[in-house]
Amino acid sequence: MRKQFFATLHRLMADDKRIVLLLGGVGAWAARDIQRDYPGRCYDLGLREQAIIGMAAGMAKAGLLPVVYGIAPFFVERAFEQIKVDIGYNRMKVILVSVGASFDYAKSGATHHCPGDIATLYQVPGLRLVVPGTARELDELFIQAIEDDASCYFRLSEQVNEKMHSVLDGNGCALIGNSPFSSLIIAVGPALEWTLKAIGNMAVTVLYFQAIKPFDFDLVYRYLNGNKIFLVEPYYPVLAQEIMQAARKPVQVRSLGVPREFLGIYGTIEEQQAAAGLSPENIRREYLEFCK
Amino acid sequence: MSLAELRRKIVRAAFVAGEGHIPSAFSILEIVQALYSGGMEPEDRFVLSKGHGCLALYAVLADKGVIDWRDFESYASLGHPDAARIPGVEFSTGSLGHGLALGAGLALGKFINGEPGRVFVLVGDGECQEGATWEAAGVIGELWLNVIVIVDGNGSHLDNEMLKAQFASHGIPRQALEGHRPAELVKAFKEVRGPFAYICKTVKGHGSETFEDDPEAWHHRTPKPDELEAILGEIR
């Protein structure tokens with residue numbers, strides 16, 4: 001997905017002279033083709049995450065379209081106030097692209113983990129949030145984001161879904177299966193793959209979200225038949241409230257996501273995922289329990 | 001309009017709005033006026049990083065006809081600058097330490113676009129305690145951006161000599177300046193090209209004994225009805 005991001009950006013920069021790539025001490029090697037072909041529009045500004053976000057907003061004010069790339073905790077969490085004020089409150093269009101969340105730097109420990117990026121950025125009015133599940137989805141959604149007026153955060157993941165799902169109605173939501181009798185399952189980004197493995201061949205309706213903010217309330221309403229909604233998010237969960245609002249009636253929601261605790265695990269991504277209760281086996285267990 | 005008249009306008013606006021940082025505005029009034037009275041060229045841009053000094057900016061913008069005096073008091077009631085509502089304000093600021101990076105980005109953007117013009121950023125000495133200010137200063141020094149930092153060095157938080165050393169260590173040439181001498185300020189701003197830092201020696205509350213005597217007590221306080229006339233009368 002990371003490779004796709006740089007390829008997509010490289011392609012778009014050929015035609016859109018507004019686009020400028022800003023790096024913060026990471027990604028220079030991955031961006032080498034961009035640096036070679038557009039040296040005047042690619043800057044590695046060093047380990048200065050707060051200033052980079054502020055500068056991106058300043059460059060947007062000058063009419064450019066800055067794309068900031070970095071490791072999730074180091075700019076989402078460190079430079080949160082700059083994202084809120086300089087980009088959000090000042091209404092400057094900037095595209096933020098992260099790698100590393102939630103546990104993609106699994107063995108590096110909690111300093112490099114970032115399951116809180118989405119919950120943190122959910123607080124910024126006007127900022128779109130996108131969690132692509134495949135490289136092709138990222139390509140499609142990134143082109144949309146460049147064309148849109150709003151600022152957007154892309155969360156790139158090491159784990160990807162096996163199958164690409166096309167974007168519906170520009171909302172980044174795809175639908176898989178359609179059973180009128182069962183509870184509704186909602187999965188976000190790469191959590192779709194874990195969820196599909198968990199449910200096996202059960203006849204259920206799964207809504208898949210790649211773009212979670214702005215939230216597509218109508219899609220949930222349209223496909224809700226019963227009163228039970230099972231939600232799987234690959235980060236500190238944030239969507240339960242939106243889903244209850246979307247239902248327009250009392251519903252029971254079981255929200256599965258990364259628990260808000262330091263897991264103290266130093267294994268692989270899959271081991272982190274299992275420790276967070278997001279293995280397919282555990283998702284299945286939780287779902288069957290929920291359906292009783 | 002004279003500086004004394006602008007100061008009276010500021011006090012009245014803060015009184016009517018019940019909001020404002022009058023001593024901070026008085027500290028930077030000559031600097032802002034100098035920028036808009038020959039210090040800047042039309043293609044130059046100004047970022048007020050210390051947003052709480054905004055009444056000085058609004059007064060100068062009104063004096064220059066950018067905003068209407070009739071709106072001045074209502075803008076005062078908005079607290080810190082809201083760029084979406086107030087003409088002539090480049091960025092919404094108020095949270096300290098953001099402005100220098102915004103200005104650096106604006107300057108880099110102008111450079112990439114091949115546009116002429118400098119970017120002036122006015123920061124308070126307190127903002128120079130923020131790490132983000134020095135992150136931005138490092139970029140400005142490294143990329144040799146056309147940014148002129150003006151420090152309102154009223155001594156509230158940091159020593160001006162130390163500030164000079166700090167800017168120098170970030171590769172930014174710097175010079176001390178008297179912050180309440182309009183002609184000297186205009187001359188200095190007119191000639192400079194960034195990167196550069198002016199460490200301006202200023203007095204918080206300058207122009208009113210009441211504010212100068214106890215600037216911290218008046219930092220975010222507006223006059224009561226029975227204090228207003230005395231303060232307006234003493235302004236110089």
Side-chain angles (χ1 to χ4, degrees), chain A residues 13 16-25 34 38-68 70 74-75 77-94 96 124-126 149 151, chain B residues 43 45-49 51 78-86 89-119 121 123 127 130-147 170-171:
Chain A
M13 285 177 83
D16 193 336
K17 308 295 181 203
R18 299 171 305 154
I19 301 174
V20 179
L21 174 62
L22 300 181
L23 305 172
I34 291 173
Y38 308 107
R41 292 196 282 141
C42 177
Y43 289 86
D44 184 346
L45 299 172
L47 283 76
R48 298 172 170 124
E49 293 84 0
Q50 298 173 72
I52 290 170
I53 299 295
M55 286 187 67
M59 294 170 85
K61 180 82 177 177
L64 296 170
L65 176 40
V67 176
V68 179
F74 308 140
F75 75 89
E77 291 170 335
R78 186 189 295 244
F80 172 69
E81 201 201 13
Q82 276 76 12
I83 295 173
K84 183 188 90 173
V85 174
D86 300 352
I87 294 175
Y89 182 45
N90 273 285
R91 300 169 184 83
M92 293 297 143
K93 181 178 171 178
V94 173
L96 305 168
V124 181
D149 292 334
S151 289
Chain B
E43 65 270 21
R45 310 281 281 270
F46 173 59
V47 178
L48 178 66
S49 187
L78 298 177
H80 294 86
D82 184 342
R85 296 192 190 194
I86 307 173
V89 174
E90 294 281 2
F91 293 104
S92 301
T93 53
S95 178
L96 297 177
H98 290 234
L100 196 53
L102 290 166
L106 192 51
L108 182 54
K110 282 165 79 71
F111 171 75
I112 291 170
N113 290 334
E115 295 168 9
R118 306 166 293 173
V119 178
V121 183
V123 303
E127 289 189 277
E130 297 280 3
T133 295
W134 298 108
E135 288 185 9
V139 177
I140 291 167
E142 278 173 26
L143 297 185
W144 209 244
L145 296 177
N146 201 351
V147 174
H170 284 78

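Below, all heavy atoms of this structure are taken into account, side chains as well, without hydrogens, waters or symmetry copies. All chains are named by letter (A, B, ...) in the order of the sequence lines, taking the proteins before the strands, and each is independently numbered beginning at 1.
Of the listed residues (Gly40(A), Gly58(A), Ala56(A), Ala79(A)), the greatest number of heavy-atom pairs within a distance under 4.5 Å of chain B belongs to Gly58(A). Taking Asn90(A), Val85(A), Val20(A) one by one and counting their heavy-atom pairs under 4.5 Å with chain B, the maximum is reached by Asn90(A).
For NZ of Lys93(A), the number of neighbouring non-hydrogen atoms (other residues, nucleotides, ligands) closer than 6.0 Å is greater than 12. Within a 6.0 Å radius of CZ in Phe80(A), other residues, nucleotides and ligands contribute more than 12 heavy atoms.
The distance from the CG atom of Asn113(B) to the CE atom of Met59(A) is 8.5 Å, given to the nearest 0.5 Å. Atom CZ of Arg48(A) and atom CD of Glu142(B) lie 4.0 Å apart (nearest 0.5 Å).
For Tyr89(A) against Pro81(B), the heavy-atom pair with the smallest separation is OH-O, 4.5 Å. Nearest heavy atom pair, residue Ala132(B) against residue Ala51(A), reads O-CB, 4.4 Å.
Using a 4.5 Å heavy-atom cutoff, the side chains of Tyr43(A) and Leu143(B) are in contact. Residues Leu108(B) and Leu64(A) fail the side-chain proximity criterion, which asks for heavy atoms closer than 4.5 Å.
Residue pairs satisfying the salt bridge (Lys or Arg N to Asp or Glu O under 4.0 Å) criterion with at least one member in residues 50-60 of chain A, sequence neighbours excluded, are absent.
Partners of Lys61(A) by side-chain contact (heavy atoms from CB on, under 4.5 Å), not counting sequence neighbours, listed by chain and number: Met92(A), Arg45(B), Glu90(B), Phe91(B), Leu106(B). In this structure Ser49(B) satisfies the side chain to side chain donor-acceptor pair (under 3.5 Å) test together with Glu127(B), sequence neighbours excluded.
When the heavy atoms of residues 96-103 of chain B are compared with those of chain A, the residues falling under 4.5 Å are His98(B), Ala101(B), Leu102(B), listed by number.
Neither the backbone nor the side chain of Ile140(B) comes within contact range of chain A; no heavy atom of the residue lies under 4.5 Å from a heavy atom of that chain.
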